[in-house]
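Numbered from 1 within each chain, the chains take letters A, B, ... in sequence-line order. Computed from a predicted model, the values in this text were never measured in an experiment.
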Amino acid sequence: MIPLSHSLTIAALLFVLGLAIILLRRELLFILMGLEVMFNGVALTAIAAGQYWNNPDGQVLTIFLMVVTAAELAVALILVWLAFEHLKTTQVDMLTRLKDDTKGGAP
Amino acid sequence: MYEIIFYLTSAIAVLAASAILIAPHPVHAALYLVISLLALALLFFLLGAPLLAALQVMIYAGAIMVLFLFLIMVMNLRPGQNQSAPLASGWKGPAFLALILLLELLWILNRFQITATNNITAIEPKAVGLALFGPYLLVVEVAAVLLLAALVAALYLSRKERS
Amino acid sequence: MHSADLISLAPFIALILGGLTILALGVWPKPVSTQILTMVAIAFLFLGAVATLFWDAPHEVNGMLVTDNLSRLFTQFFMFGTAVIIILSSGYTPIKNEVREEYLSLLLFSTLGMTLLIASQNLMMAFVGLEILTVPLFALVAWQPARNGAIEGGVKYALLAGFAAAFFLYGTALAYTSAGTIDLTVLGAVTTNAELLAISVTLILVGVGFKLALIPFHMWAPDIYQAAPAPITALFASIAKVAALVFLIRLLCMQLQHIWEALLPLIWMLAVASMVAGNLLALHQQNLKRLLAYSSIAHLGYIFVALAAGNSLGRDAAIYYALTYALMNLGTFAVITAFTRHDQDRQDLEEFRGLGRRHPVLGIAMGVCLLALAGVPPTAGFIAKLIAFGAAIEAGHTILAIIAVLNTALAFYYYLRILNVFYDTNETNLGAAQYSQGTLIIVVTITLLIIAFGIFPEWVLGLI
Amino acid sequence: MSQFLWLIPGSPMLGALIIALLGGYLKQRHFSILASCAAAVAFLTVLLAWLMGAATSQPLQQTLYTWIGVGNWMPTIGFTLDRLALVMVSVVSSIGLLIHIYSITFMAGDSDQRRYYFFLNLFLAGMLLLILADNLLLLYLGWELVGLCSFALIGFWYRDPLRASAGRKAFITTRIGDLSLALGIFLLFNEFNELSVSVLLANATVQWETGSQMPILAALLILGGAIGKSAQLPLQIWLPDAMAGPSPVSALIHAATMVTAGVYLIARTYPLFELAPQVQWSVAAIGTLTIIYGASAALAQNDIKRVLAYSTISQVGYMFLALGCGANALALLHLTTHAFFKALLFLTAGTMIRTNDNEHNIHNLGKRGNHSSLIRWCFLIGAASLAGFPIITAGFYSKEAILTATWSAPTGPLLWAFAAFGSLLTAVYIFRVYFFVFQGSRSGSPMPPIPAPMTWSLSILALASLVVGFVEFPEGWPGLHLWSDWLRDELGSASHPTLATAYSLQFIACVLPLIGIGVALVLVRREKLGFELPLAAFLRTGWNFDALYQIILIRPYFTLARFFKNVEALLIEGTLQKMTRSGMTVATACRDGLEYGVLNKSITGLLAGLRLGHMRLSATQNGLLSRYALMISAGAVFLLGYWLW
């Protein structure tokens, strides 16, 4: 049988992989995919724990996770598309209009 | 046999996810993501969550991936605008940070006496349904509002400028 | 479902019904005027606030939501805050024509998210509440996408909020792993695997810390403050943040007290980092909206000073500070909303030069709000800081209190800098303010409330 | 009833607020009526409390509002009306009302009545607040309000620099006491985490041992506050000068009410003093010394108001003596009778001064000899009561009781001897004034009629000065013994000497005033012939206390200041003389080095450091989404790292 810690380790791997995708890839679509991978890591944690405790709460948690992800992703994707439409880019590097003016003003 | 399938599937899920990290083209990345998600669905099934396995296939691999692909398609209609960047130049720092996080998590997860195993018993869809519409009824209702809100937001953002 | 449950749920139902009604009116065959939509929205908010008055003894609905004094106080306050945001928006020229059914219903849904979040007894409910609060904001930040920076702000916020939500959820899943439940009352009683629970709460703290814009989860804040339309910035800076904060207070100070004690050193560090870095970042900032974002970060640091005390005094202080903080920011952003030009917010401090002289009421209101932010008596900001730092001293965190006081002194510099610009004799040539009567009434009301709460702090403290 | 308690301090407060805020819409003469109405409401509420049986019931309580309720810090705005407070509010509100009414005509010609009535009402509110407060914070608020109003009213005619400086003197001197009281309150709060007076005292009696250090310190600090406000030795110097204010103010604040605040404070916290017997004894000692001091100083005064001022100091000394002997109820009785007869004396004096072109000197007042019989009789009643004329006056009953109670206190006979001597002196100095002013006076020119409000207030006060004492007949006499029994539960009771001793003491107390009147007659005759009292100059200046303070405090202070100034001048001049051009350059260089090198550098360095910090941090804010996510992850790594560490 599978020890819980093994499932959790795989889940943690997925979570960190998703995080790495977000940190390393500079394109919005990749970042969204990274988010999905992170969420899947969480889902695996919840389901493995649900099996361990033998109650359905873990699965319920995962279902809500899917719902929330879907809702969030829908809006986020549209925003990405809007960025593409209006700003003609999906590169993170190009989305840096909002930032501190480091020239520094009068003291 | 069970263990072999489990670890093999896990390996596929993780490898597919790592492939996203270095995939040059969004379409490839999306396909890797599908593989990872499907592998995960199998893991869910193996961990005794048949309902979730089915939902994973339907919602993630089905609906969400279609959204991704659709968007990629829309964007690819305009050539020249959408070269995907290779790994960003300063990748070592973030990668190192992610590695530390991973180590921390692994350390934490293996520090606790929760390694005991029971036999895998499937938690039937019925039990999940009863929980969903019993104690979690309010959350279900509220989640509906969330979907509505997302719908309204998406509708507003996606329409042409009001004249 | 019992009638008591229905009474408890009434304010939430009012918000949902309000959102639905507005959506229905929006697609009505005959066009409904914007004014009527606004009035309907405010009416439902009022209904919801009135409905909270029927809550008596603390009541738990289905193990998911608890309606007690804290929920009541902040539910009412969120209703008030949202009404303020709606009134500000309807007098705000840059998006005036865009304040229609989508905008209003999204605001109401977002408010629903806040009320659910602070009343939640279950981590799942809290998470869904948090998301209902957040998802409408993605769209509200990017309202009228053609505006400068709107889309960029929206994208940044959506992606980072998702990122933070992943941490929150991972924490939830680990909490579930530790005890097999995510019901907070049960979790509070569980003692096995307490350290794993503490770690999972740490991850939740990352998720909530993002909402609170604590250092180092703060970097989105100035960009979003700058990108969003001023009334939405007001929402971000006040009630949205306070909702997350009150959830954290309920989680740590009421439900998982043993975890709170374990987390005190972390809270201590977050407090110091937020105060110092927030104030330093604000110090020479020229963009007023960004400056206020940094000052908010510092203020959250002060609130965490109170939380670092780890006693009931600290809890009360944090609650009082949260409310005061929201009021002060609502007031400040109401003034900024009033000073808008026809197409864009004024952003640079230079664009506000001398406006306090031309518009005495707005100028005085800005003065009161800024002095309250700086913590000058007799405003509520002073009492808030007094109790917060007092709590830290009582808990023996003298060094923390000293750091906090030094930071307050540092903060004086930039608040007075703003006031100085507002009352400069040279006036900007960028034209006068454009605001509605409603905005003016809001500004005056909030200013009076800030002073009243400073003189009669018990009005708030007695409600906790 | 208890829900109306707030009206007692509230209505004068409201009156003051209306006068201050809406005064612009009112005419001069309306202020007096408005203020009097406010005082009347307070008085009627007190009356109502009596009628509703507040005298026999449990203490009434009302909590209006909790100011900041966090943790143990629960400062409430709450009132308690127990018997002690009931007596005090009755005295204060009734005399306050009478003096408001008296002021209507007294101040009629003044052009600045708005300020006058504002402060008068505010004073009344502060005094009632101080009495009714159920916690020390509120008590202190009342205490300071009273002090502020006293300052403002002493210097009411502030264009006269002497009067203005009298106000300042009073303010500064009483501040010393206030500081001590504040320290006492801090100490008590620090020890018990509690502000409520009753709870605090209960805790103190349980937790503190009699005679241990803490209660002594606390009682001493409170005593300091009481001494300042009540003008006892050695902080008495402000009261004679306080007579610069209008006469009704002197009557209300500096005779009847405010100066008794110290007595009230000690009576209120007497369990603390019982825990510190040494301090309690020093209360008695201070009281005794002050009796002699005040009475002897009064003996030589020629200004009628100054006589009364020193008399007040001396009479409050009796109250302190009673407190020091544990006879709190008797102190309160004397407080009450004193309030009436002293107010009466001040008001008659004020009327005389008014009708005689601001003449204060008793010799000149006597020479003019132009006093209506009402004034004469009123002054006589007041004087008799003050002297303790046996049987018929209120002053006799209260003072006699104190004298008798003193006997059985520690070192009682000694204290008694001083107090009895003081009592003799009292009769002498007050009848000296009476004989000077009224003996041989005959109505020459027609008197200006005394207006009705003045007549009424004087008559009521005169009546009260006679009959109030009948509530407590001396020990062993037939008649009522209401007072001590009624207050015993709250204030405890003093031990009494045996009946035989008591009778002889009472006899002496009866005889002393009569002797005093006789001595006064002789004295006046001698003085009219030009024989000065021995030591008159010394006594007239109040034992030269002002000069003493001048020498031991003020002059050294100035000398020190001058010394430093000289040192500075010498040094600089000396250095200048000796300094050669090169030396000067060196010095300048050094100074520059210090000023610019250290101070300037450190300030600019700090600013630059802050600026650099700002720049560095600001540079991180580069708008790059990945960077933002990275920071969040770094935070998570850091927070998780804490758990592994």
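You'll find the side chain of B/F44 stays beyond 4.5 Å of the side chain of B/T9, heavy atoms only. No side-chain heavy atom of A/E72 sits less than 4.5 Å from a side-chain heavy atom of A/T69. The side-chain heavy atoms of A/L87 and A/R97, taken from C-beta on, include no pair separated by under 4.5 Å.
Side-chain atoms of B/Y60 and A/N40 include no donor-acceptor pair closer than 3.5 Å.
Heavy atoms closer than 4.5 Å to chain B are found nowhere in A/A49, neither backbone nor side chain. Heavy atoms closer than 4.5 Å to chain A are found in both the backbone and the side chain of B/L132. Both the backbone and the side chain of B/Y136 come within less than 4.5 Å of a heavy atom in chain A. Contact of B/L33 with chain A is made through the side chain alone, with heavy-atom distances under 4.5 Å. Both the backbone and the side chain of A/L44 have a heavy atom closer than 4.5 Å to some heavy atom of chain B. With a 4.5 angstrom heavy-atom cutoff, A/V80 touches chain B via backbone and side-chain atoms both. Both the backbone and the side chain of B/I123 come within contact range of chain A, with heavy atoms under 4.5 Å apart. In this structure, chain A has heavy atoms under 4.5 Å from both the backbone and the side chain of B/L55. Of the two parts of B/A11, neither the backbone nor the side chain holds a non-hydrogen atom closer than 4.5 Å to a non-hydrogen atom of chain A. In this structure, the portion of B/L37 lying under 4.5 Å from any heavy atom of chain A is its side chain and not its backbone. Contact annotation for A/I21: both backbone and side-chain heavy atoms come within less than 4.5 Å of a heavy atom of chain B. Both the backbone and the side chain of A/I63 have a heavy atom closer than 4.5 Å to some heavy atom of chain B. If you measure heavy-atom distances from A/I78 to chain B, the contacts under 4.5 Å come from the side chain alone.
Residues satisfying the side-chain contact (heavy atoms from CB on, under 4.5 Å) test with B/L103, not counting sequence neighbours, are none.
Scanning all heavy atoms of the two residues, the minimum distance from A/L14 to A/V37 falls at O-CG1, 3.3 Å. Nearest heavy-atom pair across B/Q56 and B/A41 is CG-CB, 3.6 Å.
When each of A/N55, A/V68, A/L73 is scored by its heavy-atom pairs under 4.5 Å with chain B, the top score falls to A/L73.
Annotation for B/Y7: atom OH counts as buried by contact number, over 12 foreign heavy atoms lying within 6.0 Å.
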